[in-house]
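Heads up: the structure comes next, in structure tokens.
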Amino acid sequence: MRRRDMLKAALFAPAAMMIPSLGTTADAAEERGKKKKEPGVCVLCYKCGQVKGSELCCKAGAEKCPKCGLHKGSPGCCRLGGAKKAVRLCTYCGQIKGSDKCCKKGTVECDKCGLDKGSPGCCRIKKEEKTA
Ligand SMILES: [Zn+2]
Ligand SMILES: [Zn+2]
Ligand SMILES: [Zn+2]
Ligand SMILES: [Zn+2]
């Protein structure tokens, strides 16, 4: 009799503990999704090279670049240099945020998109105007 009760407890206890913990992780994920976008920053997913959270990010069946393994033609393709975390691009200049090239004076602007010509973001991310 006692042994049977123990078995019952072992079977039901973990399941009962799972339910509230699952609830909290879903809430936390939702919380992160709602977080306001930082101005002047475009975050690239290091796994696929696309703009993080965009429709294309980590999309199944996307064509991959044979050189870098990221999505072919994505902003990060052959530009992230094997990053292990999300890469932030500056939407004012198109360069990697905080890099030596970011918002450097005297750079050549792309006549199509207005970002630095040849930068990771050039013609791939939307330019944002700086608000002073
Ligand atoms: Zn992704
Ligand atoms: Zn590539
Ligand atoms: Zn910049
Ligand atoms: Zn451009």
Side-chain angles (χ1 to χ4, degrees):
M1 195 62 179
R2 193 182 279 174
R3 196 192 156 129
R4 206 174 149 184
D5 284 347
M6 271 173 74
L7 194 71
K8 223 170 156 183
L11 277 170
F12 287 99
M17 279 164 73
M18 288 284 282
I19 296 156
S21 72
L22 271 172
T24 46
T25 42
D27 285 349
E30 205 181 356
E31 205 63 49
R32 277 197 298 276
K34 275 180 196 164
K35 208 174 158 190
K36 237 180 137 194
K37 195 186 156 283
E38 210 179 319
V41 175
C42 173
V43 182
L44 297 186
C45 175
Y46 72 94
K47 288 180 204 152
C48 63
Q50 301 285 5
V51 175
K52 201 158 170 91
S54 71
E55 275 176 51
L56 296 169
C57 179
C58 297
K59 199 177 172 184
E63 197 184 341
K64 284 190 181 161
C65 170
K67 283 185 220 150
C68 67
L70 298 173
H71 290 186
K72 203 166 179 174
S74 68
C77 177
C78 298
R79 289 182 166 96
L80 297 189
K84 290 285 176 282
K85 58 182 168 84
V87 172
R88 293 144 53 92
L89 292 186
C90 176
T91 57
Y92 303 138
C93 66
Q95 303 285 4
I96 291 171
K97 190 97 184 162
S99 70
D100 302 344
K101 291 173 184 169
C102 179
C103 296
K104 209 175 166 185
K105 282 195 180 105
T107 50
V108 182
E109 271 184 20
C110 170
D111 50 15
K112 283 184 213 144
C113 68
L115 294 166
D116 284 8
K117 206 165 184 161
S119 68
C122 177
C123 298
R124 291 177 173 93
I125 64 169
K126 215 171 140 254
K127 184 182 169 75
E128 283 182 81
E129 293 299 331
K130 256 184 199 175
T131 44

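Counting starts at 1 for both ligands and their atoms, in listed order. Side chains are part of it too, since the values below use all heavy atoms of this structure and drop only hydrogens, waters and symmetry mates. We number each residue from 1, following the sequence as shown.
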Three-point angle Cys57:SG, the Zn ion (ligand 1), Cys58:SG, rounded to the nearest 10°
110°
Would you say Lys127's side chain and Tyr92's backbone share a donor-acceptor pair under 3.5 angstrom?
yes
If you look at every heavy atom in His71 and Ala62, which pair is closest and at what distance?
CE1-CB, 3.4 Å
Before moving on, can you tell me the angle at the Zn ion (ligand 3) between the SG atom of Cys103 and the SG atom of Cys90, to the nearest 10 degrees?
110°
How wide is the angle at the Zn ion (ligand 2) spanned by Cys68 SG and Cys78 SG, rounded to 10 degrees?
110°
Angle subtended at the Zn ion (ligand 1) by Cys48 SG and Cys45 SG, to the nearest 10 degrees, is 100°
SG of Cys123 to NZ of Lys117, rounded to nearest 0.5 Å, is 9.0 Å
Between atom CD of Glu38 and atom NZ of Lys97, what is the distance when rounded to the nearest 0.5 Å?
7.0 Å
How open is the angle at the Zn ion (ligand 3) from atom SG of Cys93 over to atom SG of Cys102, rounded to 10 degrees?
110°
Please round to the nearest 0.5 Å and tell me the distance separating atom CD of Glu129 and atom OG1 of Thr91.
9.5 Å
